[in-house]
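Report on the following structure.
Quick caveat: nothing in here was measured; it's all calculated off a predicted structure.
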Amino acid sequence: MKHVATGDRNAYDRCIFHVLDHTGRALLILGLGVYPNLGVVDAYATLRTGDVLHAVRASDALGEDRMRLAVGPLRLEVQEPLRRLRLVCEDESLAYDLTWTAAFPALWEPHHLQRRGGRLTLEGRRFVQAGTVAGVIRAAGEELAVSSDGWTGTRDRSWGVRPMPGEEGGRLADDHPAEGFHWIWCPAAFDDRFLMVVTQEDADGHRSLSDATLVRPGHRDRQLGWPYTEIGYRPGTRHPERAVVHLGDPRAPRVLEVEILTSSPLAIGAGYPPAGDWQHGTWQGRGWTDRRTYDMTSPDPLAAYGVTDHSARFRLDGRTGYGVFEHGTFGRHDPSGFTGFDSVAP
């Protein structure tokens, strides 16, 4: 739409897609965002293969045609709403042409609210969906054939208001400094069902977001109670290597096992906070395109203070599935034993 209901500069509407192979060889993440009160549209794609991350980012002035989902070499085509989309990047450093097909109905996620003092800083509506992907990815002279039998796709669409770079925190930031943040966003696709788990906790473990829902075509969505996650971190870091999510009624507990395959920090290449080279919604001028290659063996100090998307293998009720274990934890988190921003796993 041309006009949004709020004059808040931080109004946004954006999507993210994950395309992952089942061996951990490759993880493609891409997205597109519209920031109507900033007059900006931007998009990005990152591909991790081995220890290298390829990234393409583009930004431009937001135009009048809001149905045109394209920025620079990146574009999305909605071929059948909520069922089939085409994902395209035509760049010399990273290119793909993929058809994303829904395997399950879209699932509403909980209404997301976050405040700093008395100010509403984040108000988001979103849905999540899992599907199959087919096509081709090309990078660094290598071609990856993507097919439904060895790859999984997930996507998320969200809109509302969320913090954007360029705004001073002012008195509320001084009076309410960030103490800690703990986040899990976990879509897991199996042959005949789709599980979505999401939690957000403050430093003391208080939850502002908590949901676990199982989707089975032809059945009513099943709520699986208050999810509790045990994460095994790599010693000396907050990088998860495995996790167990406890689900459902305590009288009949269910367990989701998580095995991390490969990882892509969203602050590296993808423009999520606290990225130092580019962030979503920032004005870069008209027709801006940027290409970068990152060495993932060289630690980025900012990545630890952002969210990382991990492709993962899941096991639930004797079934094996694939999807994303998105996790960010920084600052104090009492349930995990983290005491501050410099605290890591033993």
Side-chain angles (χ1 to χ4, degrees), residues 15-31 44-56 74 76 84-91 93-104 128-156 184-197 234 239-243 256-266 268-270 293-297 303 307-316 319-327:
C15 60
I16 184 171
F17 290 80
H18 300 84
V19 178
L20 56 111
D21 85 314
H22 295 173
T23 66
R25 180 187 177 195
L27 172 58
L28 175 69
I29 304 175
L30 61 107
Y44 67 91
T46 66
L47 174 69
R48 176 156 189 184
T49 55
D51 292 326
V52 176
L53 185 83
H54 304 277
V56 177
L74 299 140
L76 307 176
R84 189 173 65 255
L85 301 98
R86 186 181 177 207
L87 317 176
V88 179
C89 180
E90 297 173 325
D91 192 82
S93 62
L94 171 61
Y96 52 80
D97 192 339
L98 302 167
T99 298
W100 194 103
T101 304
F104 301 94
V128 64
Q129 196 169 25
T132 62
V133 189
V136 64
I137 303 171
R138 298 183 181 90
E142 184 179 10
E143 181 172 297
L144 302 174
V146 179
S147 61
S148 59
D149 59 350
W151 297 69
T152 292
T154 65
R155 73 180 186 118
D156 174 276
I184 295 170
W185 181 85
C186 179
F190 301 84
D191 286 342
D192 64 344
R193 61 198 61 197
F194 171 63
L195 174 66
M196 181 62 199
V197 177
R234 182 180 299 160
H239 180 90
E241 295 185 320
R242 63 197 174 279
L256 175 71
E257 298 177 6
V258 184
E259 176 189 353
I260 302 301
L261 298 177
T262 193
S263 307
S264 187
L266 293 183
I268 300 179
T293 301
Y294 299 86
D295 179 0
M296 301 303 286
T297 64
V307 169
T308 296
D309 283 2
H310 310 271
S311 65
R313 181 181 293 116
F314 299 95
R315 294 178 179 86
L316 176 71
R319 296 172 173 84
T320 299
Y322 296 88
V324 176
F325 186 78
E326 181 178 274
H327 182 47

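The side-chain heavy atoms of Val146 and Val136, taken from C-beta on, include no pair separated by under 4.5 Å. Here the side chains of Leu87 and Leu30 are in contact, with some heavy-atom distance below 4.5 Å. In this structure the side chain of Asp156 reaches within 4.5 angstrom of the side chain of Trp185, judged on heavy atoms. Counting only heavy atoms from C-beta outward, the side chains of Leu53 and Leu47 never approach each other to under 4.5 Å. A heavy-atom distance below 4.5 Å is found between the side chains of Ile268 and Met296. You'll find the side chain of Tyr96 reaches within 4.5 Å of the side chain of Leu74, heavy atoms only. The side-chain heavy atoms of Thr320 and Arg313, taken from C-beta on, include a pair separated by under 4.5 Å. For the pair Leu27 and Thr49, the minimum side-chain heavy-atom distance is 4.5 Å or more.
In plain terms, the two heavy atoms of Val133 and Gly153 that are nearest each other are CG2-CA, 3.7 Å. Closest approach of Thr308 to Ser263, counting heavy atoms only: CG2-CB, 4.0 Å. Of all non-hydrogen atoms in Gly323 and Phe314, the two that sit nearest each other are N-CE1, 3.4 Å. In terms of heavy-atom proximity, Ala189 sits nearest to Phe104 at CB-CE1, 4.4 Å. Contact between Trp151 and Ala26 at its shortest, heavy atoms only, is CH2-CB, 3.9 Å. For the residue pair Gly269 and Thr46, the shortest heavy atom distance occurs at C-CG2, 3.6 Å.
Taking the six-membered ring where the residue is Trp, Phe17 and Trp100 present perpendicular rings, their angle passing 60° and hence far from 30°.
Not a single salt bridge (Lys or Arg N to Asp or Glu O under 4.0 Å) links Arg193 to another residue, sequence neighbours left out.
For Glu259 (side chain) and Arg242 (main-chain N/O), no donor-acceptor pair under 3.5 Å exists by modelled atom type. Remark: the backbone N or O of Ala130 is not paired with any side-chain donor or acceptor of Arg155 at under 3.5 angstrom.
A salt bridge between Glu143 and Arg138 is present, with a side-chain N of the basic residue lying under 4.0 Å from a carboxylate O of the acidic one.
To the nearest 0.5 Å, the span separating CE on Met196 from SG on Cys186 amounts to 7.0 Å. Separation of atoms CG (Leu28) and OG (Ser311) is listed at 11.5 Å; rounding is to 0.5 Å. Taken to the nearest 0.5 Å, the NE2 atom of His54 stands 11.0 Å off from the CD1 atom of Ile137. The distance from the CG atom of Leu20 to the OG1 atom of Thr262 is 10.0 Å, given to the nearest 0.5 Å. Residue Arg48 holds its CZ atom at 13.5 Å from OH of Tyr294, rounded to the nearest 0.5 Å.
Pairs passing the side-chain hydrogen bond (donor to acceptor under 3.5 Å, both in side chains) check and including a residue from residues 16-26, sequence neighbours excluded, read His18-Thr154, His18-Asp309, Asp21-Thr23, His22-Thr152, Arg25-Glu142.
Two rings, from His327 and His239, have their centers 6.0 Å or more apart.
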Tyr44 and Val56: CA distance, side-chain angles, deciding distance, side chain to side chain contact (heavy atoms under 4.5 Å, CB included) verdict: CA-CA 6 Å; Tyr44 67 91; Val56 177; over 6 Å; no
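In Asp191, the CG atom is not crowded: 12 or fewer heavy atoms of neighbouring residues, nucleotides or ligands sit closer than 6.0 Å.
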